[in-house]
Participant: 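Sending over a structure as structure tokens; questions will come in a sec.
Given the structure is predicted, the values throughout are model-derived calculations rather than measurements.
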Amino acid sequence: MSERVVPHFHNRPGVAVIEIGATEFMCIGDLPPFDHPHIFLDLGGDSDIICSYCSTLYRHDPTLPADAARPAECAWREPATA
């Protein structure tokens, strides 16, 4: 069985647009513990989408890896557990 990880992105820097490589992802708004409920977003055939919770504009950039963002600090990776 393969495990599929959904990329998570945030807008802690407060930028106007976050470019991402994924077409299905989670917006967490801000870094924990200040994150909003994690909202699943699916671009479908569109090139951009706005998070209904925090109004962050995400734009798809197919040249980026699925878990990458521009600016890079907007890609969130859960801390490793011991």
Participant: Which heavy atom in Ala16 sits nearest to a heavy atom in Leu57, and how many Å separate them?
Facilitator: O-CB, 3.7 Å
Participant: Which value, rounded to the nearest 0.5 Å, describes the distance between Ile39 atom CD1 and Cys51 atom SG?
Facilitator: 5.5 Å
Participant: Nearest 0.5 angstrom please: Arg77 CZ to Asp67 CG, how far?
Facilitator: 4.5 Å
Participant: Do you know the tightest heavy-atom contact between Ala22 and Ala66?
Facilitator: CB-O, 3.2 Å
Participant: How about Asn11 and Cys54: do any of their side-chain heavy atoms sit closer than 4.5 Å?
Facilitator: no
Participant: Is there a donor-acceptor pair under 3.5 Å between the side chain of His60 and the backbone N or O of Leu43?
Facilitator: no
Participant: Taking the ring of Phe40 and the ring of Phe25, is the distance between their centroids below 6.0 Å?
Facilitator: no
Participant: Roughly how far, to the nearest 0.5 Å, is CD1 of Ile28 from CG of Asp35?
Facilitator: 5.5 Å
Participant: What class does the angle between the rings of Tyr53 and His36 fall in, given that below 30° is parallel, 30 to 60° is tilted and above 60° is perpendicular?
Facilitator: tilted
Participant: Whether the side chain of His10 engages the backbone of Glu73 through a donor-acceptor N/O pair (distance < 3.5 Å, no angle test) should be reported.
Facilitator: yes
Participant: Please round to the nearest 0.5 Å and tell me the distance separating atom CG of Asp61 and atom CD1 of Ile18.
Facilitator: 13.5 Å
Participant: Working to the nearest 0.5 angstrom, can you tell me the gap between Arg59 CZ and Ser47 OG?
Facilitator: 6.5 Å
Participant: Under the 3.5 angstrom rule, does the side chain of Asp46 hit a backbone N or O of Asp48 as a donor-acceptor pair?
Facilitator: no
Participant: Just how far is it from atom CZ of Phe9 to atom CH2 of Trp76, taken to the nearest 0.5 Å?
Facilitator: 12.0 Å
Participant: Do you reckon Met26 sits in the same ILVMFWY cluster as Leu41, going by side-chain contacts under 4.5 Å, direct or chained?
Facilitator: no
